[in-house]
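Take a look at the structure set out below.
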Amino acid sequence: MEGTILKKLVIIGASGHGKVIADIAEKNGYSDIVFLDDNASVQECAGFPVVGRVSEADERDGDKIVAIGNAKIRESIQERINNVVTLIHPAAVISRRVTLGSGTVVMAGAIINSDVVIGKGCIINTGASVDHDCKVGNYSHISVGAHVAGTVNIGVRTWIGAGATISNNLRICDNCIIGAGAVVIKDICKSGTYIGVPIKEI
C-alpha cells in the first residue's frame, strides 16, 4: 500500500531459534524480515531470505536481534551492533512490573511475574516461568518448560535446562549449566554443570 512504512528486522542466526524469533517478529508487526548467517549454504530460514553474513549486521537498515543459542557468541555479537530490540510473544504473560533488557526474547506461554529484572540478550523460552522478585543475568537462558520460583538470582550466561526447577530464595552464579529436569534446592556458588534431583556437579 502506498505510504506504508515497512517494519524491518534483521535476525542474526538462521537456525531453529531464529525460526521461532521470526514467528514472534511477525506477530509484533514486522513485515520485512531478513536473516544473516555465516553458513553460505543456508539461503532461507522460516521462509525468509538469508541476505548476508553476520559481520554485515550494522550495515543493514532496521531493528536487530541475535538468534544464537550459545551465550558467549550471542553476547559477542550483540555487544558490537546497534538497534537491538526486545521481542515478546503476544501469548506470553508478563507483569507490568517486569524489566527486560535489550535483545531479550520471551516465547509463547512464558510467564514472568512481578518485580522481575531480566538482563539483556536473554531467552525466556516456550512455557517457562520466572516468579516474583527474580533477577536473571545478561545472556542467560531459561529453557522450555523450566520454572524459577520467587526471589532467585541467576548470574550471567547461565543456562537453565528444559523442565528444570529452581526452588525459591536461591542464588546461581555466572556461567552455569543446569541440566534438563534438574531440581536446584541450594545455592550454586561455583561455575559448572549440574544435573539430577537434587542437583550434583559433574
Side-chain angles (χ1 to χ4, degrees), residues 1-92 94 98-110 112 118-128 130 136-146 156-162 175 177 180:
M1 183 183 297
E2 187 176 349
T4 298
I5 298 174
L6 294 177
K7 197 174 177 184
K8 297 181 179 180
L9 181 68
V10 178
I11 302 175
I12 300 162
S15 63
H17 184 47
K19 292 177 181 180
V20 179
I21 287 180
D23 286 340
I24 296 172
E26 279 199 305
K27 294 179 187 303
N28 278 269
Y30 287 96
S31 52
D32 183 356
I33 298 170
V34 298
F35 282 86
L36 299 177
D37 198 279
D38 287 342
N39 184 345
S41 68
V42 179
Q43 301 297 310
E44 65 86 29
C45 187
F48 298 103
V50 178
V51 297
R53 298 175 67 83
V54 171
S55 60
E56 301 169 18
D58 260 346
E59 302 169 16
R60 299 277 172 178
D61 291 333
D63 295 335
K64 316 280 174 25
I65 194 159
V66 183
I68 293 173
N70 182 292
K72 290 183 178 179
I73 297 173
R74 189 164 70 252
E75 179 179 14
S76 70
I77 294 171
Q78 180 169 323
E79 292 295 327
R80 65 177 191 260
I81 62 175
N82 297 309
N83 302 326
V84 177
V85 295
T86 297
L87 290 177
I88 302 169
H89 194 288
I94 301 179
V98 166
T99 300
L100 298 173
S102 63
T104 285
V105 60
V106 182
M107 308 296 195
I112 307 175
I118 292 176
K120 58 186 177 179
C122 291
I123 302 167
I124 310 301
N125 221 317
T126 310
V130 182
V136 179
N138 296 339
Y139 303 103
S140 286
H141 183 169
I142 312 299
S143 296
V144 173
V156 301
R157 293 180 300 274
T158 283
W159 186 82
I160 308 296
N175 299 305
I177 295 173

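For reference, positions follow the sequence shown, starting with 1.
- Between V51 and R60, the shortest heavy-atom distance links the atoms O-NH2, 2.9 Å.
- With respect to V10, the side chain to side chain contact (heavy atoms under 4.5 Å, CB included) criterion is satisfied by exactly one of D61, D58, V34: V34.
- Going from atom CD1 of I11 over to atom NZ of K19 covers 12.0 Å, rounded to the nearest 0.5 Å.
- In this structure, A14 and V42 approach most closely via the heavy-atom pair CB-CG1, 4.0 Å.
- In this structure, K8 NZ and N83 CG are separated by 12.0 Å, a value rounded to the nearest 0.5 Å.
- The line from CD of E59 to CD1 of I81 is 12.5 Å long, rounded to the nearest 0.5 Å.
- Closest of all the heavy-atom pairs between V66 and I21 is O-CD1, 4.4 Å.
- The closest side-chain heavy-atom distance from I33 to E26 is below 4.5 Å.
- The closest side-chain heavy-atom distance from I94 to L100 is below 4.5 Å.
- Contact between A162 and S143 at its shortest, heavy atoms only, is N-CB, 3.4 Å.
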Check the pair H17 / V105 against side-chain contact (heavy atoms from CB on, under 4.5 Å), numbers first and verdict last.
-> CA-CA 10 Å; H17 184 47; V105 60; 4.1 Å; yes

Give every donor-acceptor pair under 3.5 Å between a side-chain atom in residues 67-74 and any protein atom, sequence neighbours left out.
{"unit_1": "N70", "atom_1": "OD1", "unit_2": "K72", "atom_2": "N", "d": "3.1"}
{"unit_1": "N70", "atom_1": "OD1", "unit_2": "I73", "atom_2": "N", "d": "3.0"}
{"unit_1": "R74", "atom_1": "NE", "unit_2": "G121", "atom_2": "O", "d": "2.7"}
{"unit_1": "R74", "atom_1": "NH1", "unit_2": "I68", "atom_2": "O", "d": "2.9"}
{"unit_1": "R74", "atom_1": "NH1", "unit_2": "G69", "atom_2": "O", "d": "2.8"}
{"unit_1": "R74", "atom_1": "NH2", "unit_2": "G121", "atom_2": "O", "d": "3.2"}
{"unit_1": "R74", "atom_1": "NH2", "unit_2": "Y139", "atom_2": "O", "d": "3.0"}

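- Side chain of N138 to backbone of G119: no donor-acceptor contact under 3.5 angstrom is found.
- In this structure, the separation between CG on N28 and NE2 on H89 is 9.0 Å, given to the nearest 0.5 Å.
- Using modelled atom types, one side-chain atom of T158 and one backbone atom of N175 make a donor-acceptor pair closer than 3.5 Å.
- Nearest heavy atoms, T104 versus I65: O-CD1, 4.4 Å.
- If you take CG on D63 and OG on S102, they are separated by 11.5 Å, rounding to the nearest 0.5 Å.
- Once rounded to the nearest 0.5 Å, the distance linking CD of E44 with CG of D37 reads 11.5 Å.
- Using modelled atom types, one side-chain atom of T86 and one backbone atom of G101 make a donor-acceptor pair closer than 3.5 Å.
- The aromatic rings of F48 and F35 lie tilted to each other, with the angle between the two planes from 30° to 60°.
- Minimum interatomic distance between L36 and R53 (heavy atoms only, all atoms of both residues): CD1-O, 3.5 Å.
- Looking only at distances, a side-chain donor or acceptor of K64 sits under 3.5 Å from a matching main-chain atom of A57.
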